[in-house]
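All ligand and atom numbering here is 1-based and tracks the order in the structure. Values below: every heavy atom of this structure, side chains too, minus hydrogens, waters and symmetry copies. Starting from 1, each residue takes its place in the sequence as its number.
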Amino acid sequence: MALRPSQIATGESRPRFAELNNLASEKLGARILFATDDWFAVAENLLKDSEAEWREGEFTKCGKWMDGWETRRKRKPGHDWCIIKLGVAGEVAGVDVDTSFFTGNYVPRVSLQAATLTKEEENLIPKRKSEMGSEALEKDLVAVARLGSEKWQTIIPITEARPGYRDTCHTFLPSLCASTRYTHLRLNVYPDGGIARLRVFGRALPDVSQVSPSKVMDLVSLRNGGVCLAYSDAHYGHPRNLISPWAPVNMADGWETARRLDRPSILKEGADGVLQVAGWEWALFKLGLPGTVKGLEVDTYFFKGNFPDSCRVDGCFVSDEEVPDPALDGAPWLPILPSQKLKPNAHHDFSKKVRDIGVVSHVRLVMAPDGGISRLKVLGTANPSVCSASSSPSSVLISKL
Ligand SMILES: NC(=O)NC(NC(N)=O)C(=O)[O-]
């Protein structure tokens, strides 16, 4: 994926896995099941979708108010950890240990373990510390430490984190096992301290055996394994937001490009008086499950002065190892939805305009000329004969990004 000037200007070097979906998002349903200590600030803050904030001069009865997970300074051997249930089971390509604003109190080292737990195994995890007396806590710590220890794989070995200053607050760490389906994570911090957010980048892996070939589902949804592989511009909002399964909360929770600088030259009025737009932006998605598209919905909620003039959707089917070139005109792309006018702050159901092009593995959403779209739904039936081929490791996807 070529870097755009907006990305270069920040000087940020984000690994490619950080383009994937965040499986530890609170809105997606990720939860903290256990934490050894959260004296200064609770572990739930790790999962918040918003960026961490600083509140100057604000103190709680426990200490300085901090937006993250912060444990006490240990006065005995050992380390702190917490158990996270992912919002959806999937592959973990890597994480961002974000220590924003934790400077004299950031965690010096972290490691990450992952497991695939059944509901029964999950129920063995003790309740939160806050609901227990200290004696029970000590006993339960031992129980948690022993809990199916053979099930927990180290996916990130003990690694140094960095203090939460503006230029050092993000530590991106790749996973050693990027192609295993996990349900839970155990975040270890050595020995104690604070982390603002833990972003867990990966891709949901749907249980193909549970998918009915006759049921219409959203094939591109993050929850069903959809993933954004590339885009032409994401200046104000990343196109992965389009496939979030919750209702958009504001303009930042959508795909928004910068204003195209060539706008005066790309808008022309045809002889028939109809506006012709000769510039566009695109976003490429791999569907969670290949299937036949039966409906398309596009929302422009919150985009009022900056909704696109129009959009179209193309689709194609390629083998699991291939990534179609998103900038190509013509093959392998076929139109699923010809260009449609969009309205501001509105839901558009274009299902009646959808063309059947057979089984589709990837879709390309094109907006003209630029602007913002909040959600995309690709409704269809999964094709069971090609479903199994879709469970490829994200590492394949990532290397092609
Ligand atoms: N000033 C601080 O942040 N102190 C302590 N932390 C909080 N949150 O008060 C600490 O040293 O761990």
Side-chain angles (χ1 to χ4, degrees), residues 12 18 22 24-27 30-87 95-113 125-142 144-145 154 156-173 184-200:
E12 237 186 79
N22 175 19
S25 140
E26 183 185 60
K27 283 211 194 71
R31 295 286 173 265
I32 299 293
L33 300 185
F34 187 85
T36 51
D37 179 14
D38 40 24
W39 174 266
F40 286 113
V42 295
E44 276 74 6
N45 290 334
L46 290 171
L47 313 178
K48 282 189 195 164
D49 291 89
S50 58
E51 296 298 318
E53 55 172 303
W54 171 258
R55 291 192 190 164
E56 187 61 39
E58 189 165 325
F59 289 83
T60 70
K61 64 182 188 321
C62 296
K64 173 74 189 74
W65 183 92
M66 295 297 291
D67 192 5
W69 176 38
E70 189 187 352
T71 68
R72 277 170 286 192
R73 300 185 186 206
K74 277 201 180 307
R75 301 299 184 231
K76 59 181 182 181
H79 74 277
D80 286 313
W81 76 82
C82 67
I83 294 184
I84 299 165
K85 179 180 180 156
L86 295 175
V95 301
D96 174 15
V97 179
D98 175 356
T99 54
S100 291
F101 308 114
F102 290 93
T103 54
N105 49 359
Y106 74 101
V107 300
R109 281 171 299 281
V110 296
S111 76
L112 198 68
Q113 294 166 280
I125 298 171
K127 295 203 169 48
R128 296 300 310 275
K129 166 192 66 68
S130 52
E131 298 167 35
M132 299 186 300
S134 58
E135 220 170 277
L137 173 64
E138 288 302 322
K139 275 195 210 139
D140 278 328
L141 287 182
V142 177
V144 174
T154 297
I156 296 174
I158 298 178
T159 310
E160 275 184 23
R162 297 184 302 163
Y165 299 107
R166 200 183 157 87
D167 294 339
T168 55
C169 57
H170 296 284
T171 303
F172 292 100
L173 303 171
H184 294 73
L185 298 180
R186 176 173 153 165
L187 171 65
N188 301 291
V189 300
Y190 304 93
D192 54 33
I195 299 179
R197 299 285 187 269
L198 182 75
R199 307 288 190 211
V200 178

Side-chain heavy atoms of Val200 within contact of Leu86, under 4.5 Å: yes

Partners passing salt bridge (Lys or Arg N to Asp or Glu O under 4.0 Å) against Arg55 (at least two apart in sequence or in another chain): Glu53, Glu58

Mode of Arg73 contact toward ligand 1 - side chain, backbone, both, neither (heavy atoms, under 4.0 Å): side chain

Carboxylate-amine/guanidinium proximity below 4.0 Å for Asp192 and Lys74: no

Atoms of ligand 1 close to Met66 [distance to a heavy atom under 4.0 angstrom, numbered from 1]: 8 (N)

Taking every non-hydrogen atom, the tightest pair across Leu47 and Ile84: CD2-CG2, 4.0 Å

Residues that Lys48 engages under salt bridge (Lys or Arg N to Asp or Glu O under 4.0 Å), provided they are two or more places apart: Asp67

Interfacing atoms of ligand 1 (cut-off 4.0 Å, heavy-atom, Gly63): 9 (O)

Heavy-atom nearest neighbour in the protein, as seen from atom 1 (N) of ligand 1, with distance rounded to 0.1 Å: Lys64 CB, 4.3 Å

Closest protein heavy atom (residue, atom, distance) for atom 6 (N) of ligand 1: Glu70 OE2, 2.8 Å

Minimum non-hydrogen distance to atom 2 (C) of ligand 1, winning option of Asp192, Thr71, Asn105: Asn105

